[in-house]
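Start at 1 and go down the list; that is how both ligands and their atoms are numbered. Because the structure is a prediction, the values reported are computed rather than measured.
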Amino acid sequence: MRLVLLGPPGAGKGTQAEALAGHFGVPHISSGELLRRHVASGTTLGREVTGYLDRGELAPDDLVMAVVDEALAGAASGYILDGFPRTLSQAEKAEARRGGAFADAVVFLDVANGVARRRMAQRLAGRSDDRDRGVIDRRLRTFHEETDPVVHYYRDRGMLVTVDAAQPPEAVTAAILAALAGRRPG
Ligand code: ADP
């Protein structure tokens with residue numbers, strides 16, 4: 001199973017990705033987490049992306065593609081990919097590189113900005129980019145400007161499953177699994 005999760009910050013991508021990874025027995029790959037790990041271990045790439053993460057801006061495509069490509073190459077049985085692609089250009093590059101074998105389905109976790117904001121404020125992980133109102137607002141704005149077109153792209157291709165992500169986490173997982181089962185008989 002190769003699933004891509006799309007949704008604004010605070011939609012619950014990480015939580016749902018963990019649950020789906022457990023369900024399907026495939027790894028959860030989070031582009032944000034991969035980048036944060038580079039930052040924490042002080043790699044060259046980490047030093048290059050740290051400012052983008054702090055400001056809530058998208059990191060440059062080539063750097064993100066490098067870490068995501070490496071992680072996908074090691075996930076032969078499939079993956080739950082969270083946080084990538086975030087732009088049309090990333091989606092097109094990923095499709096081109098993986099010869100159409102990039103995603104079986106794309107799940108859109110749909111949630112209003114107000115709910116997403118509240119969740120980020122309550123997040124326990126203590127991420128520095130969740131602490132600043134301006135950074136949160138920039139991430140939400142960037143989602144609507146850059147990632148909404150990715151949602152439309154997959155909707156147009158009949159690959160999109162949209163789920164109401166304002167529900168409690170278990171209900172969201174159940175809704176995703178039901179929608180996927182409906183799409184993929186057997
Ligand atoms: P969230 O969706 O809550 O903002 P993520 O962990 O997915 O959290 O992303 C955190 C940050 O990592 C983003 O604000 C951005 O700076 C960077 N990032 C993650 N994925 C990508 C990507 N696909 N393209 C560009 N930047 C990314």
**Asked** Are Val107 and Val115 grouped together when hydrophobic residues (ILVMFWY) are joined by side-chain heavy atoms under 4.5 angstrom apart?
**Response** no
**Prompt:** What is the nearest protein non-hydrogen atom to atom 6 (O) of ligand 1, stated with its residue, atom name and distance?
**Reply:** Arg36 NH1, 2.9 Å
**Asked** Considering only heavy atoms of Ser31, which atoms of ligand 1 have at least one such atom less than 4.0 Å away?
**Response** 19 (C), 20 (N), 21 (C), 23 (N)
**Asked** Should you measure from each heavy atom of Arg139, which atoms of ligand 1 turn up under 4.0 Å away?
**Response** 1 (P), 3 (O), 4 (O), 14 (O)
**Prompt:** Is there a path from Tyr79 to Val150 through hydrophobic residues (I, L, V, M, F, W, Y) whose side chains come within less than 4.5 Å of each other?
**Reply:** yes
**Message:** What protein heavy atom lies closest to atom 12 (O) of ligand 1? Include the residue and the distance to one decimal.
**Reply:** Leu53 CG, 3.7 Å
**Item:** Cation over ring face, Arg55 and Tyr52, 6.0 Å, 45°
**Value:** yes
**Message:** Please list, in number order, the atoms of ligand 1 under 4.0 Å from a heavy atom of Gln90.
**Reply:** 22 (C), 23 (N), 24 (N), 25 (C)
**Asked** Please state which protein non-hydrogen atom is closest to atom 19 (C) of ligand 1 and give its distance, to 0.1 Å?
**Response** Arg86 NH1, 3.4 Å
**Request:** Consider ligand 1: state whether an atom of it lies below 4.0 angstrom from any non-hydrogen atom of Met120.
**Result:** no
**Item:** Close side-chain approach of Ile136 to Pro9, heavy-atom, < 4.5 Å
**Value:** no
**Item:** Asp62 with Lys93: basic N within carboxylate O range, under 4.0 Å
**Value:** no
**Prompt:** Is atom CZ of Phe102 surrounded by more than 12 heavy atoms (other residues, nucleotides or ligands) closer than 6.0 Å?
**Reply:** yes
**Request:** Find all atoms of ligand 1 within a distance of less than 4.0 Å from any non-hydrogen atom belonging to Lys13, and give their numbers and elements.
**Result:** 2 (O)
**Request:** Taking the side chain as every heavy atom from C-beta outward, state whether Val4 and Met159 have any pair of such atoms under 4.5 Å apart.
**Result:** no
**Prompt:** Considering only heavy atoms, does Arg127 approach ligand 1 within less than 4.0 Å through its side chain, its backbone, both, or neither?
**Reply:** side chain
**Asked** Below 4.5 Å, heavy atoms only, C-beta onward: do Ile176 and Leu109 meet side chain to side chain?
**Response** yes
**Complete:** min-distance protein heavy atom vs atom 26 (N) of ligand 1 -> Ala59 N, 3.0 Å
**Prompt:** Would you say Pro8 has any N or O atom under 3.5 Å from an N or O of ligand 1, going by distance alone?
**Reply:** no
**For Leu35, atoms of ligand 1 separated by under 4.0 Å from a heavy atom** = 17 (C), 18 (N), 19 (C), 27 (C)
**Prompt:** Hey, which atoms in ligand 1 end up nearer than 4.0 Å to a heavy atom of Glu57?
**Reply:** 15 (C), 16 (O)
**Request:** Record the part of Val64 in heavy-atom contact with ligand 1 below 4.0 Å; permitted values are side chain, backbone, both and neither.
**Result:** side chain
**Prompt:** With the 4.5 Å side-chain cut-off for hydrophobic clustering, are Leu5 and Val172 part of the same group?
**Reply:** yes
